Amino acid sequence: MGKHLTTRAEDYSKWYNELVVKADLAQNSGVRGSMVIKPYGFAIWERIQADLDRRFKETGHMNAYFPLFIPKSYFSKEASHVDGFAKECAVVTHYRLKNDPDGNGVVVDPNAKLEEELIVRPTSETIIWDTYRDWIQSYRDLPILVNQWANVVRWEMRTRLFLRTAEFLWQEGHTAHATKEEAIQEAETMLDVYASFVEEIMAIPVLRGIKTEGERFAGALETYCIEALMQDGKALQAGTSHFLGQNFAKAFDVKFQTKEGTQEHVWATSWGVSTRLMGALIMTHSDDNGLVLPPKLAPYQVVIVPIYKGQEQLDAISEVANDLVQQLRAQGITVKYDDRDTQKPGWKFNQYELQGVPLRIAIGPKDLEKGSVELARRDTLTKQFVSQSDVAAVVPALLDEIQNSLFEKALKFREERTHVANSWEEFEALIKESAGFVYAHWDGTTETEDKIKDLTKATIRCIPISNEEEEGACILTGKPSKQRVVFAKAY
RNA sequence: CGGGAAGUGGCGCAGGUGGUAGCGCAUCUGGUUUGGGACCAGAGGGUCGCAGGUUCGAGUCCUGUCUUCCCGACCA
């Protein structure tokens with residue numbers, strides 16, 4: 001293993017891949033495009049899950065679980081939905097293996113062909129709406145507010161750890177409502193849940209917006225999204241929430257009887273975030289020394305490293321360290337005391353830096369004499385000496401400060417990388433250098449959007465919700481426009 | 001899926017024109033060390049991605065296949 005990471009300036013993409021592997025987050029497996037999430041990476045995902053799950057429940061949702069396999073016929077029921085996913089589905093055609101008659105391992109038993117093929121879910125709208133038909137008869141059965149934590153499979157051609165894998169972990173919320181207004185409200189509420197989670201916990205500033213028709217989810221009437229800006233100036237969609245109208249209710253014949261006794265189709269939403277958030281986390285905060293984790297997601301917020309010669313000294317240090325561990329844990333802070341004698345302090349320093357542990361406390365013989373510890377911040381790489389008796393008071397405040405400072409830093413970066421383009425030349429130049437978000441006028445047509453994409457690789461990330469109306473002319477066609485939309489190259 | 005590159009101990013790599021595999025890091029043992037990836041001495045570990053083929057002989061040549069990386073089209 002090489003000692004140093006490729007730097008972001010040398011090769012951003014290589015930096016990302018090396019970081020994921022060296023920080024022990026994930027690795028590629030023997031299966032094309034499918035990753036192994038390692039314990040340290042999974043611990044971060046678990047923290048993401050736990051906080052989101054709490055927020056979902058606080059907004060009235062419950063978890064359920066639907067099958068991995070979906071009968072092929074379900075997919076033919078909603079036309080635009082099929083169009084969106086057909087090209088990337090894994091299909092189960094047989095249910096049995098047998099020994100190879102030629103003696104080489106096993107082969108698929110041709111006699112075990114399924115009557116109807118099963119699709120490994122790329123998303124669960126179809127099977128969930130097929131089930132909701134049984135659950136819903138009356139307006140009294142509504143709303144249904146359900147989420148599921150699951151894995152899904154999309155047969156992507158080009159994959160990257162966390163950012164795009166053939167199988168990924170996510171949550172998908174699927175709700176059913178009596179009215180259009182209520183469904184739209186739900187989709188907007190969940191967008192807020194995502195935005196506040198990503199900003200407060202992941203310390204990643206996001207733009208809230210709606211997708212253009214061309215970028216909309218397959219089967220949705222409106223797609224709301226949060227968009228984040230990565231350090232290389234490319235945008236990453238961090239979460240989406242869809243207002244599905246009555247499309248799935250109509251496709252799966254899900255009706256309810258109203259108070260007035262009429263039969264109406266149910267209104268739907270779906271919303272999801274995935275392990276891609278891990279990619280956003282890495283690319284927002286990390287530096288050339290490795291991962292930088294916001295304290296609210298760090299598996300260990302503090303690591304304590306003893307520096308010692310001989311057992312006697314270690315015992316004396318351990319006494320101080322264990323006391324600090326108790327004091328910090330009492331405040332709900334996660335601490336690891338790494339007293340392994342199999343690695344040297346310098347090795348540990350580098351390892352925890354690579355893994356993004358927010359605070360490191362080193363205790364050595366000099367500290368024993370002075371009653372101090374060395375406290376090092378991962379985000380700023382600064383060190384200070386703190387009296388042992390002050391640690392319990394200083395650490396929580398410092399963790400808060402790191403959390404805030406990471407967000408502020410990311411926000412400042414985004415602001416510096418947010419531009420306004422008023423001419424095609426200006427626009428092209430900004431996009432060419434991956435300058436970040438570019439606000440520009442657009443005539444509102446999918447044709448223009450596609451053409452801009454062909455010419456520059458930039459897509460409309462969103463129409464920001466907070467947008468102000470402004471008269472202008474489309475950057476490409478010169479046709480009138482009422483507002484600016486946000487363009488960027490995207491992951 | 002189209003174009004390019006690559007798969008050799010755990011990791012990173014070297015192995016003109018075919019002749020039975022080597023280096024660095026890591027690992028193990030012993031000793032000295034420990035405030036930013038320690039040092040010395042010794043040791044173990046590879047059917048060269050996989051499957052065929054050519055050949056007296058294949059890491060090396062040929063065919064197929066799988067995986068990874070880069071560039072496109074698609075996408076959370």
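Model, not experiment: these values are computed from the prediction. The sequence lines fix the lettering, A, B, ..., with proteins before strands; numbering per chain opens at 1.
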Mate of [N] where both pairing distances stay under 3.5 Å, Watson-Crick or G-U:
N	answer
B:U20	none
B:A38	B:U32
B:A26	none
B:G72	B:C1

Please give the distance between the [atom1] atoms of [N] and [M] as a whole number of Å.
N	M	atom1	value
B:C48	B:A14	C1'	13 Å
B:G44	B:U60	P	27 Å
B:C74	B:G22	C1'	44 Å
B:C11	B:A73	C1'	34 Å
B:A6	B:U65	C1'	16 Å
B:C69	B:U8	P	14 Å
B:G4	B:G9	C1'	29 Å
B:G49	B:G7	C1'	6 Å

(request) Could you say whether A:Asp341 or A:Trp170 is positioned toward the 5' end of RNA chain B, judged by the nucleotide with the nearest heavy atom to each? (result) A:Asp341
Grab the [atom1]-[atom2] distance between [X] and [N] for me, whole Å please.
X	N	atom1	atom2	result
A:Trp347	B:G37	CH2	P	13 Å
A:Lys383	B:G35	NZ	P	11 Å
A:Ile363	B:G36	CD1	P	16 Å
A:Leu5	B:C25	CG	P	20 Å
A:Ile361	B:G35	CD1	P	19 Å
A:Asn350	B:A26	CG	P	13 Å

(request) Report, as yes or no, whether the 6.0 Å neighbourhood of atom CD on A:Glu312 holds more than 12 heavy atoms from other residues, nucleotides or ligands. (result)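 Counting other residues, nucleotides and ligands, CD of A:Glu312 stays at 12 neighbours or fewer.
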(message) Just checking A:Tyr300: does its OH atom have more than 12 heavy atoms from other residues, nucleotides or ligands closer to it than 6.0 angstrom?
(response) no
(message) I'd like to check A:Tyr308 versus A:Pro365 (side-chain heavy atoms, cut-off strictly below 4.5 Å). Are they in contact?
(response) no
(request) Report yes if some heavy atom in the side chain of A:Pro299 is under 4.5 Å from a heavy atom in the side chain of A:Gln355; otherwise report no. (result)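 In short, these two side chains do not touch, never coming nearer than 4.5 Å.
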(message) Centroid distance below 5.5 Å plus an interplanar angle below 30 degrees: do A:Phe168 and B:A76 meet both conditions?
(response)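 A:Phe168 vs B:A76: stacking yes.
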Just checking [X] against [Y], ring centres under 6.0 Å apart?
X	Y	value
A:Trp129	A:His81	no
A:Trp271	A:Phe56	yes
A:Phe85	A:Phe75	no

(request) Name all residues meeting the side-chain contact (heavy atoms from CB on, under 4.5 Å) criterion together with A:Val335; count only those two or more places apart in sequence or in a different chain, and write none if there are none. (result)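 A:Val335: side-chain contact (heavy atoms from CB on, under 4.5 Å) contacts with A:Val302, A:Ile304, A:Val325, A:Leu328, A:Arg329, A:Ile333.
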(request) For RNA chain B, determine which residues of residues 291-309 of chain A have any heavy atom closer than 4.0 angstrom to one of its atoms, and list them numerically. (result)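 The answer is A:Ile307, A:Tyr308, A:Lys309.
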(request) Check RNA chain B against residues 195-221 of chain A and give the residues with a non-hydrogen atom under 4.0 Å, in numerical order. (result)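 Per residue number, the list is empty: none.
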(request) Would you list the pairs meeting salt bridge (Lys or Arg N to Asp or Glu O under 4.0 Å) in which at least one residue belongs to residues 361-371 of chain A, sequence neighbours left out? (result) none
(message) Taking A:Asp51 first and then A:Arg47, would you say they form a salt bridge - that is, a charged N and a carboxylate O separated by under 4.0 Å?
(response) no
(request) Please determine if A:Arg55 and A:Glu200 form a salt bridge, counting it only when a charged side-chain N lies under 4.0 Å from a carboxylate O. (result) yes
(request) With A:Lys383 as the cation and A:Phe385 as the aromatic partner, state whether NZ or CZ is under 6.0 Å from the six-membered ring centre and within 45° of the axis. (result)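 Pair A:Lys383/A:Phe385 does not count as cation-pi.
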(message) So for A:Gln343 and B:G37, does any side-chain atom that can act as donor or acceptor lie under 3.5 Å from a complementary atom in the base?
(response)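 Looking at the base of B:G37, it does not pair with any donor or acceptor on the side chain of A:Gln343 (distance under 3.5 Å).
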Could you list the donor-acceptor pairs under 3.5 angstrom formed between side-chain atoms of residues 226-239 of chain A and any protein atom two or more places apart in sequence or on another chain?
from	atom 1	to	atom 2	distance (Å)
A:Glu227	OE1	A:Arg461	NE	3.1
A:Glu227	OE2	A:Lys211	NZ	2.8
A:Glu227	OE2	A:Arg461	NH2	3.4
A:Gln231	OE1	A:Arg8	NH1	2.5
A:Gln231	NE2	A:Met283	O	3.1
A:Gln231	NE2	A:Thr284	O	3.1
A:Gln231	NE2	A:Ser286	O	2.9
A:Asp232	OD1	A:Lys234	N	3.2
A:Asp232	OD2	A:Tyr491	OH	2.6
A:Gln237	OE1	A:Lys211	NZ	3.1

(request) At under 4.0 Å between heavy atoms, which parts of nucleotides 65-74 of chain B does protein reach? Answer with one letter per nucleotide, 5' to 3': B base, S sugar-phosphate only, - none. (result) --SSSSBBBB
(message) By nearest atom, which of the nucleotides B:G35, B:G37, B:A76 is closest to the A:Glu374 side chain?
(response) B:G35
